Amino acid sequence: MTKQDQEQGLLQRSNNDFSEASTHTDSIADADVVTASTSFLSDLNASGGETGSFSEKVEKSVEVDHVALTNEGCKVELRTTVHVPVFRSEEINKFRYKLPVVGQEQEIVEAILENDIVIPRRIAAVSMSARVAEEMNLPSEIVSYQIRYEGNASDKTRVKFMTDGVLLKEVQRDLLLSKYSVIIVDEAHERSIYSDILIGLMSRIVSLRAKRNDRLKLVIMSATLNVKEFLSDRLFKSTPRFIEVPSRMFPVSVHFSRRTDDLYLNSAYRMVVQIHRYMPDGGILVFVSGKKEVCLLIKWLRSTFPSAKAVSAKNDDENMDEQILKADSRKSHKRKRAKRTGYVTENIDLNSYDIESFLKTDNTDLNDRDALDGDCDLADEENFMNPYLNFEPEDTPLYCLPLYSMLPSHKQKQIYDPLPSGSRFCVIATNVAETSLTIPHIKYVVDTGKEKVRLYDTVTGASKFVVQWISKASANQRAGRAGRIAPGECYRLYSSAVFSDFLDFSVPEILNKPPDELVLQMKCMNIVKVHNFPFPSPPSGQSLQEAESRLCKLGLLEVCKDDSGSERMKVNRLGQTVAFFPVSPQYGKMICLANQHGLLPYVVCLVAALSVREPLVNIVDTTDSDGIQKESERLSKIRYDWAGSGQSFLLGDLAVLLNAVLQFESSYCSVESCEHLGMRFKAMKEVHQLRKQLTNIANGVFPQVNLTLEACLPPLTTQQYRLLRQLILSCQGNNLAKRYEFSPENADTKLKNSYCSGIMQEPLWIHPTSVLCKRLPTWLLYQEIIDSGRKYMLNVMAVEPEWLPQFASVYL
DNA sequence: GAGCACTGC
């Protein structure tokens, strides 16, 4: 709701409620910052049956009372009652009155008056705006949404649902958010970088707006009790108030394992078998850490309950499972070998499971209490035992489906398809099922307690994937997935003692990722001393400093003296231009420099491809199956074709990516042809959208360029390929590596073919899937280092040594 | 000589 709308009286406030004025209520009506439970929104959503973001734990809400004007009680505020005329259909009203949040409705509405709502996921923003428009009987031009690539907001819009990143970009353009009178931040407990920064920024915006007598109200909605950081007095001068909203969840009984088996996939398998054979109807959701575990568990379960195969005739992902598993088996041999050379990190070896033996010996005796709940009391045990009576397990097939983010959309959607009649539903999922997707029919949750996370070294930027224990909050969120339709059961495959050692909450994203892009954005908002910013969880001074220094070397920040004579890093003109582009600063700079020699359209495509996760499928090589071997050879050949020869080939993996995008753009590939070419359709579509967005921004920033979205770009000339490599070098000197010099003095054969870089002690290696893997150029640039035992450089490009003084002198 | 959880601008 915009200020103008408010003045036009769409929301009518009446002051006829004096008799109820009290110290309690008058502060509510005038609070500037309120933190409320997310149930308010998730209930709206749940009643619509939409997918989207839900949270359903009980929650405390916090309300910040910024009525600092009323100090010493000399000013008496009158309570104002808010009347919002809404014409809902009878059906929707029936739903509404069942929602637990209705009890607090008036309190919340009075506290906030009207809504502009920040949500962390795109689909959720779109579906919620549609749902709220329907419930309020208003057109989409009034209740609208805005996400990265699209939106339907108009000048008539009064309620806007948007993702957190969109609002952060808006703050960059309008620091006081003067269009808005209320901001609601939903799902704040997820602690995304954007919502954290937004909350920090808004703590300042709220008081600035209050000083101007143009109040902004802020509601922070959180599904967990993790509000300590949001209440810190670094953020809000007076402590925010809670509004607590009960959850609409059904009870979930949680069972801990008596002991914790390291082979958690093995335990998960046994648990599913037992639930399926002996527990009443209801879907099963299993949480594991990664794609390979998903595929392995599916394979075991389908071979145990083969009747399910007949039921789920369309399981064309069978092949994929096999592929992944074979590749994995091959790798585990490598691991054993690698162990002797000392390059191995701890990893659960999936192949150490003895599948055969427990397929044969699985008598699933109910006395095997180890696999069940060691900690539950007698009542629980009785509940657990009773349903076994008169239960005929043979009658029920198990319908197993995989679920992880990289699974193609049409396969993900299978979880919403009607269940084959008479079968039990079982989904094996990664963390996607914890927050992003809601799965229907789930009554049982099996939680391995494990998740895979990407850990960054904030100094070198190298990252690795680690399987670790989840947090208590995560475990509770997982358990909650069982109680959406009826009372549920959650089986934790770890003991309560192990659980008690879990972190209370997951580490906020901002503490893990290198903050370069963020620091640049903050500098553009005139936040010069970033270390003084009121982060809900401040990143370390060192990581902020490293980011500043990288941005300085990149030529986006400059050292300036402020009034007191002390030195500060401030953003320069180039930095400000770069910050318009919603990509990492290195890539933004590439676009800014590319407006020469006709390179801009190519650089935009390349940057789009580099900014999207996994545009090309990972080529899994397998030794023992002819058909699959040929497939990986075929895909590999396509990549070498894209890389070309001569100057193009020296652009290396970036030439592969660029030409893949150009091919996709020129013939807007179908799902099938993408698969044929080894591209991920979902990712390529995103690349296409990002190209469009970057093109629009470039046209805004450089008015003369008239950049178009031509489907067919002519192939680059030899000269242009050279220039492109120089341009990239001038933006990525930080990522240079030089080949290890093999000489009598440096004769370590283990280091042959390795590289060293300025920022890292350990040797680096070109990833075997790189087209430059055999070429081994003396100097090269990488996009990313991934640590999987060895430190591998991904997306590599060759660099001519003689270019270094001119294009990368600060890094030498 | 062989990868990778998740999400937003």
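What's counted below: heavy atoms across the whole structure, side chains too, no hydrogens, waters or symmetry copies. Convention: sequence-line order gives letters A, B, ...; per-chain numbering from 1. No experiment lies behind these values; they were computed from the predicted model shown.
At distances below 3.5 Å, at least one donor-acceptor pair connects side-chain atoms of A/Q477 with backbone N or O atoms of A/E434. The backbone N or O of A/I766 lies less than 3.5 Å from no partner atom in the side chain of A/S770, so there is not a single donor-acceptor pair.
Taking the side chain of A/D164 as heavy atoms from C-beta on, and the options B/dA5, B/dG1, B/dG8, the nearest nucleotide is B/dG8. Closest to the side chain of A/T430, from the set B/dC4, B/dC9, B/dA5, is B/dA5. Here the nucleotide nearest the side chain of A/Y792, chosen from B/dC4, B/dA2, B/dC9, is B/dA2. Of all nucleotides listed (B/dA2, B/dC9, B/dA5), B/dA2 comes nearest to the side chain of A/T769. The side chain of A/K169 sits closest to B/dC9 out of B/dC9, B/dC4, B/dC6. Listed candidates were B/dC6, B/dG8, B/dA2. Nearest to the side chain of A/T163 is B/dG8. Among the nucleotides B/dA5, B/dG8, B/dA2, the one closest to the side chain of A/P768 is B/dA2.
When the nearest nucleotides of DNA chain B are assigned to A/P582 and A/L403 by heavy-atom distance, the more 5′-ward of the two goes with A/L403. Each of A/E686 and A/V432 was matched to the nucleotide of DNA chain B holding its nearest heavy atom; the match closer to the 5' end belongs to A/V432.
Here the side chains of A/D174 and A/E170 are not in contact, with every heavy-atom distance at 4.5 Å or above.
Atom CZ of A/R454 and atom C1' of B/dT7 are 13 Å apart (whole Å). Taking atom NZ of residue A/K464 and atom P of nucleotide B/dA5, one finds them 16 Å apart after rounding to whole Å. One atom, CZ of A/R173, and another, P of B/dC9, lie 13 Å apart when rounded to the nearest Å. For the pair A/I147 CD1 and B/dT7 P, the computed distance is 14 Å after rounding to whole Å. Taking atom CD of A/Q693 as the reference point, atom C1' of B/dG8 lies 12 Å away to the nearest angstrom. What separates CG of A/N753 from C1' of B/dA2 is a distance of 15 Å, to the nearest Å. A/N431 has its CG atom 6 Å from the C1' atom of B/dA5, to the nearest Å.
Contacts of A/R639 classified as salt bridge (charged side-chain N to carboxylate O under 4.0 Å, His left out), with partners at least two apart in sequence or in another chain: none. Under the side-chain contact (heavy atoms from CB on, under 4.5 Å) criterion, A/A643 pairs with A/F649, A/V656, A/V771, not counting sequence neighbours.
A/K513 comes within 4.0 angstrom of a nucleotide base, judged by non-hydrogen atoms across all strands. Using a 4.0 Å heavy-atom distance criterion, A/I193 is classed as a base contact. Heavy atoms of A/E517 sit under 4.0 angstrom from at least one base atom. A/R613 comes within contact range of at least one nucleobase, with a heavy-atom separation under 4.0 Å.
One finds no side-chain N or O of A/R148 lying less than 4.0 angstrom from the OP1 or OP2 phosphate oxygen of B/dT7. An OP1 or OP2 oxygen of B/dC6 is reached within less than 4.0 angstrom by a side-chain nitrogen or oxygen of A/S405.
The shortest heavy-atom contact between A/D787 and A/K464 is O-CB, 3.2 Å.
Between the side chain of A/K752 and the base of B/dG1 there is no donor-acceptor pair of N/O atoms closer than 3.5 Å.
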